[in-house]
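Down below is the structure, laid out as structure tokens.
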2 protein chains.
Amino acid sequence: MAKEKKVEQITDMEVDFAQWYTDICRKAELIEYASVKGFTILRPYGYAIWENIQRIMDGEFKKTGHVNVAMPVLIPESLLKKEGELVEGFAPECAWVTHGGSEELEERLAFRPTSETMFCDHWSNILHSYRELPMLYNQWCSVIRWEKTTRPFLRSREFWWQEGHTLHETAEEAIAETEQQLNCYADFCENVLAMPVVKGRKTDKEKFAGAEATYTIECMMKDRKALQSATSHYFGDKFSRAYDVTFTGRDNKQQYPFQTSWGSTTRLIGAVIMTHGDNNGLVLPPQIAPIQIIVLPIAQHKPGVLEGATALKERLETAGFRVKMDDSDNSMGWKCAEYEMKGVPLRVECGPRDLENGQCVLVRRNDGEKTIVKLEDLEAAAAEQLKLVHDGMYEKAKQNLEEHTYEAHSLEEAKALQQEHGGFIKTMWCGELECELKMKEQAGMTSRCMPLVQEHLDDVCPICGKKAEKMIYWGVAY
Amino acid sequence: MAKEKKVEQITDMEVDFAQWYTDICRKAELIEYASVKGFTILRPYGYAIWENIQRIMDGEFKKTGHVNVAMPVLIPESLLKKEGELVEGFAPECAWVTHGGSEELEERLAFRPTSETMFCDHWSNILHSYRELPMLYNQWCSVIRWEKTTRPFLRSREFWWQEGHTLHETAEEAIAETEQQLNCYADFCENVLAMPVVKGRKTDKEKFAGAEATYTIECMMKDRKALQSATSHYFGDKFSRAYDVTFTGRDNKQQYPFQTSWGSTTRLIGAVIMTHGDNNGLVLPPQIAPIQIIVLPIAQHKPGVLEGATALKERLETAGFRVKMDDSDNSMGWKCAEYEMKGVPLRVECGPRDLENGQCVLVRRNDGEKTIVKLEDLEAAAAEQLKLVHDGMYEKAKQNLEEHTYEAHSLEEAKALQQEHGGFIKTMWCGELECELKMKEQAGMTSRCMPLVQEHLDDVCPICGKKAEKMIYWGVAY
């Protein structure tokens with residue numbers, strides 16, 4: 001009674017981008033909804049992508065001296081409340097534990113929405129001398145923020161992330177750390193996820209609750225909406241003062257250390273889907289793909305084919321690639337569609353004639369390009385093709401970003417450009433909240449960031465007409 | 001104003017074992033208490049040990065086809081209550097979320113104490129056919145159990161663990177999985193943690209809430225108390241029926257799959273401390289040691305010493321060891337004590353005369369043995385010494401286990417042996433709960449397990465005098 005499983009159709013992105021996105025999340029088996037509203041399950045294929053992201057990113061963090069720790073998940077309300085801005089920003093989104101076992105707690109405990117408070121509380125106990133600085137900590141965990149509306153990977157009540165928290169002797173060192181980690185994220189997005197980014201600073205309105213400065217990397221999705229993909233915050237000594245974190249300085253006096261935090265989340269998987277995916281499904285950057293190469297034997301019942309394909313698979317595995325061979329009874333058409341849906345970067349096809357001729361065919365997921373390869377060159381050719389996949393994906397995404405970044409000199413022009421093309425609209429900005437709010441009200445765009453690489457477009461703010469020295473990016477954001 | 005940090009004294013284990021244990025946890029900087037009662041912080045050095053455990057164990061799980069997933073951390077009370085025994089066992093220990101943001105929830109949510117219910121709920125949505133079986137899932141996460149009394153690593157309200165959950169077509173396959181994973185834990189303890197184990201089956205009284213059978217590995221600590229170090233459970237189709245998990249079988253009929261779960265936790269770090277530690281501090285098995293080799297230059301201000309030591313350090317790093325060099329101003333005595341406290345398995349000492357003679361000294365942490373090594377042989381000698389550290393630690397722990405496992409033929413004898421020597425007392429057992437309770441009441445011992453390797457000690461139960469076919473281990477447990 002073997003029923004052939006059919007690859008189910010997904011909605012075209014041009015027809016309904018949101019539905020296309022959800023279809024990929026479900027049909028590539030990345031995610032499933034849980035029976036708790038607003039919560040999701042990361043399925044094996046989705047989690048394997050996250051494991052690859054974690055492994056590579058964690059290695060980068062460690063190269064610059066960061067170490068991992070594990071902090072308690074529950075935060076007493078009184079501890080959370082010590083820093084006013086932070087609690088204002090996060091308390092409305094906290095999940096509260098009020099009972100432990102059968103007893104009602106004297107004080108309710110928040111499931112961590114972020115852990116600045118816990119790190120500060122810990123540091124206030126263990127930090128003594130400038131000799132112990134810097135403290136460069138990170139943790140991988142999940143957090144809860146009780147969002148009203150949720151979408152897989154982009155916004156869910158629980159999500160998985162890393163949160164870096166560091167303490168420094170001087171403001172300069174802390175600012176350098178904030179920048180270093182922003183660059184670390186940007187490099188990761190470009191070199192690992194094949195996603196170009198715009199690096200910049202958030203406005204006061206958009207910055208993290210309690211931060212002195214928030215830096216961000218902003219990516220453009222295929223529907224030309226913006227996705228904030230990671231952030232890095234500089235806190236000055238604000239939290240140190242609120243949580244009484246001090247150390248004995250070189251001058252033998254008590255001082256407050258300077259602090260940063262920086263985070264990235266499973267949202268990066270959503271960014272990958274919407275940056276690279278197409279109407280056949282997911283397109284995965286080779287470095288995070290759970291399966292990098294799928295080997296498909298053609299006419300596998302003919303003598304020698306399965307043995308030949310198996311040998312190729314084993315050679316590729318030995319060379320260090322993540323490889324799978326599918327010798328199931330499903331049709332070749334089904335298999336091609338299935339692994340396209342799953343976003344496998346490279347397909348190796350080999351049939352009886354190929355093997356006879358000492359060759360096989362490599363097919364790239366991102367552009368469908370086929371290359372005939374001599375069997376003896378397989379490993380080198382696979383490595384080269386995977387590099388071409390990455391580079392091709394990056395170039396295409398970069399083209400999307402560049403083609404849809406527009407310059408405007410009036411609010412009306414900005415609005416018209418956004419309505420016609422979407423994308424990022426760059427203008428000058430006077431720095432006033434009022435103008436930022438006006439752009440939101442009248443053109444439906446929020447500020448994305450003030451790019452680190454500034455351009456002089458004009459002398460005045462296009463919204464109020466006053467003097468403006470900063471260029472800013474606007475967009476419609478997820 | 002450089003103050004030399006002194007290595008603080010720890011309590012001798014013979015004086016106060018519990019205090020000795022706590023001293024190591026704190027002074028080796030493994031753990032710190034959090035401001036939430038019963039919760040702990042895994043500090044960088046403690047977390048690095050856990051990362052090594054995770055990496056190696058996860059690799060073993062994957063070799064046998066297991067994949068990782070992430071399930072939501074909150075479980076609706078109604079879902080938790082579907083299986084009666086499980087909820088009875090865990091509900092009294094749950095932390096309950098009652099508010100999300102500012103709204104009171106319609107139904108309260110438990111922070112997962114264990115995730116059988118979530119996995120079953122998920123499987124009931126995604127499982128269709130026998131072709132999808134087995135499902136071999138695992139997740140790394142933290143859980144909360146609202147314990148009344150807590151101790152670092154051994155029992156805390158939040159702890160970090162892995163929980164494997166698998167579904168199988170037949171009971172035989174599920175039983176084989178249960179056994180395979182028990183053996184996986186036992187091999188890990190012996191080959192990685194240098195801890196010998198007793199493998200066995202738990203009595204009905206001691207088994208996991210809801211399981212048909214629970215298997216355990218029991219280790220003996222240096223104070224001769226027992227520590228349950230990992231468990232593996234067979235559920236039959238009980239949860240499948242409770243959560244309506246079904247699949248279409250080979251006969252085209254709806255069937256209930258058979259299930260297992262298995263877990264190990266940060267408690268393993270507590271086991272390592274109490275199995276191998278001594279009055280100078282921690283003694284770490286080389287495979288999980290964050291620093292495997294500490295290089296200490298002697299008379300480092302003499303010409304050539306620091307360069308020579310740095311070269312050795314770099315060679316060892318290149319060879320793949322985890323190495324640190326300490327060229328701080330602290331005295332040699334302080335440094336030796338510090339890295340002994342931290343349990344670093346191997347110390348490399350090199351002074352001006354050593355370097356002149358083309359040699360250095362390797363000192364093993366576990367037994368203090370010194371070996372003079374020619375510089376050209378360094379890498380091979382270090383590998384050999386680390387193997388000797390592991391083997392020496394294992395042999396010593398095995399000796400402790402074997403010397404303190406006693407045979408008894410009456411309840412009185414069992415009690416006297418425990419009082420005089422501690423350790424494991426083996427007897428026959430009739431299988432009745434009444435006798436198990438009597439042993440607890442009168443001799444203060446709980447059943448540890450019915451070892452998989454049985455011996456025939458006698459024909460009758462030493463407690464009731466009735467016929468007995470099973471040998472059982474008793475002990476005082478953590």
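Order of the sequence lines fixes the chain letters, A, B, ..., with proteins taken first and strands second; residue numbering starts at 1 for each chain. Side-chain atoms are counted along with the backbone in the values below, which use heavy atoms only and exclude waters and symmetry mates.
Going from atom OH of Y47(B) over to atom OH of Y137(A) covers 14.0 Å, rounded to the nearest 0.5 Å. Here the CZ atom belonging to R43(A) is positioned 9.0 Å from the CE atom belonging to M71(B), to the nearest 0.5 angstrom. Between atom CH2 of residue W96(B) and atom OG of residue S102(A) there is a gap of 11.5 Å, rounded to the nearest 0.5 Å.
Contacts between W160(B) and chain A at a heavy-atom distance below 4.5 Å involve the side chain alone, from C-beta outward. For chain A, the nearby part of D58(B) is the side chain; its heavy atoms alone come within less than 4.5 Å. Within the 4.5 angstrom heavy-atom criterion, atoms from both the backbone and the side chain of P44(B) approach chain A. Proximity to chain B (any heavy atom under 4.5 Å) is restricted, for P92(A), to the backbone atoms N, CA, C and O. Contacts of F111(B) with chain A are made by side-chain atoms alone, with heavy-atom separations under 4.5 Å and no backbone atom involved.
Annotation: side chain to side chain contact (heavy atoms under 4.5 Å, CB included) contacts of S78(B) (sequence neighbours excluded): P76(B), E107(B). A search for side chain to side chain contact (heavy atoms under 4.5 Å, CB included) contacts involving E147(A) returns E93(A), R145(A), T150(A), R155(A), not counting sequence neighbours. Among residues two or more places apart in sequence or in another chain, the side chain to side chain contact (heavy atoms under 4.5 Å, CB included) test is passed with A91(A) by V87(A).
You'll find the side chain of T98(A) stays beyond 4.5 Å of the side chain of R108(B), heavy atoms only.
Residues of residues 31-42 of chain A lying under 4.5 angstrom from chain B, judged on non-hydrogen atoms, are E32(A), A34(A), S35(A), V36(A), F39(A), T40(A), I41(A), L42(A) in numerical order.
Chain B forms the most heavy-atom pairs under 4.5 Å with one residue out of N138(A), L79(A), N125(A), L105(A), and that residue is L105(A). For the set S142(A), C141(A), S156(A), A95(A), the count of heavy-atom pairs under 4.5 angstrom toward chain B peaks at A95(A). Looking only at heavy-atom pairs under 4.5 Å with chain A, the residue among P113(B), G100(B), A110(B) that has the most is G100(B). Contact count versus chain A (heavy atoms, under 4.5 Å) is highest, among D121(B), I75(B), V67(B), for D121(B). Of the listed residues (Q139(B), K148(B), H122(B), M135(B)), the greatest number of heavy-atom pairs within a distance under 4.5 Å of chain A belongs to H122(B).
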With side-chain contact (heavy atoms from CB on, under 4.5 Å) as the criterion, how do V73(B) and I144(A) come out once you've worked through the C-alpha distance, each side chain's angles and the decisive distance to 0.1 Å? CA-CA 9 Å; V73(B) 59; I144(A) 287 187; 4.0 Å; yes
So E158(B) and L74(A), side-chain contact (heavy atoms from CB on, under 4.5 Å) or not? Walk me through it. CA-CA 9 Å; E158(B) 180 184 20; L74(A) 300 183; over 6 Å; no
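Listed here is the closest heavy atom pair of L109(A) and W146(B): CD1-CH2, 3.9 Å.
Crowding of E103(B) atom CD: a count of heavy atoms from other residues, nucleotides or ligands under 6.0 Å exceeding 12.
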